[in-house]
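Report on the following structure.
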Amino acid sequence: MSEEKHEMSGPVRTRFAPSPTGFLHVGGVRTAMFSWLLAQRFGGEFLLRVEDTDQKRFVEGAEQNMMESLRWVGIAWAEGPDVGGPHAPYRQSERLPIYQRYAEQLVAQGDAYQSWTSPAELTAEREAAAAAHQPPPRRDRWRNASPEQVAAQEATGQRFVIRLKLPEEGSVVFYDLVKKDTITFDYSGQDDIVILKSDGFPTYHLAATVDDHLMGITHVMRAEEWLASTPKHLFIYQSLGWQPPAFAHVPNILRPDGRGKMSKRDGDASTEQFWTKGYLPEAMFNYLALQGWSYDDHTEIMTVAEISQRFSLERVQPSPARWNLEKLNWMNSQYINHVLTLDDLARRSLPFMQNGGYLKDAVEGDEEYLYYRAALELIKDRLKLLGEAPDLLSYFFADRLQYDTALLLGKGITAEQVATVLDHTIHLLQSDQYAAWHLSDRETGPEANLRGLAAELGVKVGSVFMPIRVAITGRSQSPGLFETAEVLGKERTLFRLREALHQVQGQ
RNA sequence: GGCGCAUUCGUCUAGAGGCCCAGGACGCCUCCCUUUCAAGGAGGAGAUCAGGGGUUCGAAUCCCCUAUGCGCUACCA
């Protein structure tokens with residue numbers, strides 16, 4: 001077994017622990033995905049924990065939104081705030097006494113201390129240090145307060161915070177599964193971070209560490225910004241006598257311009273907008289997996305099951321990747337055209353059609369639905385997002401097409417000739433042969449006949465087909481003419497041709 | 001300012017001392033197909049492997065330095 005599971009006994013347990021401060025952005029989904037994939041790969045367990053320890057930044061509904069985003073791409077958890085589990089509760093705001101107990105223990109052991117330094121004093125000190133181009137103060141002046149001073153201060157009843165009391169010297173070394181290397185930090189450069197705030201809530205550092213241990217997390221996978229605080233977490237594990245988990249810091253996804261990581265301030269990064277636009281969860285999963293992980297030198301399209309089987313931290317890139325929407329779009333159209341069956345595509349596009357005002361009462365399998373499905377087949381190769389379906393299919397459902405007459409009168413053909421073409425086509429389709437024709441049959445269908453007409457009129461074949469195209473679709477771009485006519489049906493096609501003829505004659 | 005991490009085509013990546021004067025994908029360009037637009041097929045441009053030093057018979061791959069980028073440096077996560 002690889003390094004990823006070294007020294008581990010029992011099942012791999014991973015977690016995703018978002019903070020409910022807004023929507024889940026795609027970088028967050030990717031981090032959650034890697035965590036989930038590691039558990040999947042080793043037949044382990046994955047859980048969801050909500051880190052709502054900052055009351056000021058709490059956003060109503062964010063938790064629900066994040067869970068929806070995760071479910072959308074196919075990430076499921078066996079334990080979590082919504083489903084419970086053996087280590088419930090999974091919301092940190094409901095676990096306050098636990099953190100307080102450990103914070104007190106650390107103070108009692110001398111590994112943490114109480115501080116009454118006010119936030120105003122702290123910022124003043126930091127600003128002064130910054131102005132002098134000096135590093136900010138790492139220690140708090142209460143660090144070395146005498147028991148008498150502390151007791152006296154405590155008697156005043158003023159609120160305090162608890163800070164970690166990091167060693168004066170020495171260093172921490174740990175191995176990172178993504179960096180594939182050992183990372184060293186000197187204690188001297190580390191802050192005595194706050195682990196318990198004055199409102200009684202823990203900070204991330206205490207809460208995450210305590211919960212990861214209590215919940216049996218074997219592999220802590222998280223975004224790279226946590227790398228720098230890992231030594232503090234390790235100090236907590238050590239002070240509490242706990243075996244630390246393995247760490248894997250996954251690189252951030254950078255904004256398309258490469259300037260900075262994706263964040264909640266980038267509206268384009270919100271996961272939910274991808275489903276509302278019509279990205280397929282499988283495509284999103286596939287794309288995101290490849291953003292920082294690869295299987296080999298050429299495989300790109302993989303199912304979730306394949307990725308789960310093939311995932312490996314060894315192949316996770318240690319450097320950040322930029323968000324590439326073009327590639328996601330390509331991936332999505334690959335799934336639309338080469339992975340989904342037509343039935344599946346029709347089923348999934350239906351809500352978007354209904355949203356666009358079509359097929360309100362359609363029931364899968366009924367006549368209208370079948371018509372829609374046939375039309376969808378014609379346009380799917382130019383469908384990149386399901387949300388584009390209503391526009392791409394609009395002329396299949398319009399009662400009367402609206403278009404500029406100029407569109408009918410193309411180059412290289414006169415108005416009279418256009419009228420002739422339309423009239424000829426109408427008669428052609430009206431003839432008894434229509435029922436027998438497979439319109440798209442080039443040899444025996446109307447195509448051969450119309451090509452003959454073009455020769456007769458002395459115009460290009462394209463000049464003959466274009467007015468017909470505009471007549472039946474209202475556009476100069478469409479799928480194959482005869483396939484389209486076939487789906488539209490004789491009645492609708494003839495009606496549109498006659499309308500176009502009137503329009504030309506009315507000129 | 002300090003500390004940490006990273007650095008292969010524009011972008012995502014393959015590459016773990018000779019198979020690499022660097023392979024694949026997206027995007028871009030050309031051609032083919034063709035009634036339009038796509039899709040598809042075939043090609044092409046595009047990376048002195050961030051730069052500089054080493055180590056070695058031999059380095060994209062190992063070591064060092066520099067540069068640049070990103071991250072952290074909150075009683076936010």
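Note that the structure is a prediction, hence the values are computed from the model and not measured. Naming convention: chains lettered A, B, ... in sequence-line order (proteins, then strands); numbering from 1 in each chain.
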Report all interatomic pairs (protein N or O, nucleotide N or O of nucleotides 19-23 of chain B) with separations under 3.5 Å.
from	atom 1	to	atom 2	distance (Å)
rG23(B)	N2	Asp297(A)	O	3.4

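Within 4.0 Å of Pro251(A), counting heavy atoms only, lies no atom of the nucleic acid at all. Base engagement by Gly480(A) is indicated by at least one non-hydrogen atom pair under 4.0 Å involving a base atom.
Partners of Glu326(A) according to the side-chain contact (heavy atoms from CB on, under 4.5 Å) rule, which considers only residues two or more places apart in sequence or in another chain, are Asn324(A). The salt bridge (Lys or Arg N to Asp or Glu O under 4.0 Å) check on Arg255(A) picks up Asp257(A), with sequence neighbours excluded. With sequence neighbours excluded, no residue forms a salt bridge (Lys or Arg N to Asp or Glu O under 4.0 Å) with Lys165(A).
A cation-pi contact, defined as under 6.0 Å to the ring centre and within 45° of the axis, is absent between Arg163(A) and Tyr113(A).
For RNA chain B, none of the residues of residues 24-32 of chain A falls under the heavy-atom distance limit of 4.0 Å. Within residues 53-60 of chain A, the residues having any heavy atom under 4.0 Å from RNA chain B are, by residue number, Thr53(A), Asp54(A), Lys56(A), Arg57(A).
With hydrogens and angles ignored, no donor-acceptor pair closer than 3.5 Å exists between the side chain of Lys380(A) and the base of rA39(B).
Look at the P atom in both rG1(B) and rG40(B): the space between them is 50 Å, to the nearest Å. Comparing the P positions of rG24(B) and rA38(B) gives an interatomic distance of 26 Å, to the nearest angstrom.
When the P atom of rC3(B) is taken as reference, atom CG of Asp176(A) falls 20 Å away, rounded to whole Å. Taking atom CG on Asn324(A) and atom C1' on rG27(B), their separation rounds to 8 Å, with Å as the unit. Distance CH2 (Trp323(A)) to P (rG27(B)): 15 Å, rounded to an integer number of Å. For the pair Ile253(A) CD1 and rC12(B) P, the computed distance is 11 Å after rounding to whole Å. The distance from atom CD of Glu225(A) to atom P of rC76(B) is 17 Å, rounded to the nearest whole Å. One can place CG of Leu196(A) at 18 Å from P of rA74(B), the figure rounded to the nearest angstrom.
For Asp52(A) (side chain) and Phe58(A) (main-chain N/O), no donor-acceptor pair under 3.5 Å exists by modelled atom type.
When the side-chain nitrogen and oxygen atoms of Lys197(A) are compared with OP1 and OP2 of rC76(B), one or more of them lie within a distance under 4.0 Å. Under 4.0 angstrom from either OP1 or OP2 of rA14(B) there lies at least one side-chain N or O belonging to Gln317(A). For the OP1/OP2 pair of rG24(B) and a distance below 4.0 Å, the side-chain nitrogens and oxygens of Lys327(A) include no atom meeting the criterion.
Looking only at side-chain heavy atoms (C-beta outward), Leu48(A) and Pro18(A) come within less than 4.5 Å of each other.
Counting non-hydrogen atoms of other residues, nucleotides and ligands closer than 6.0 Å to OH of Tyr295(A) gives a total of 12 or fewer.
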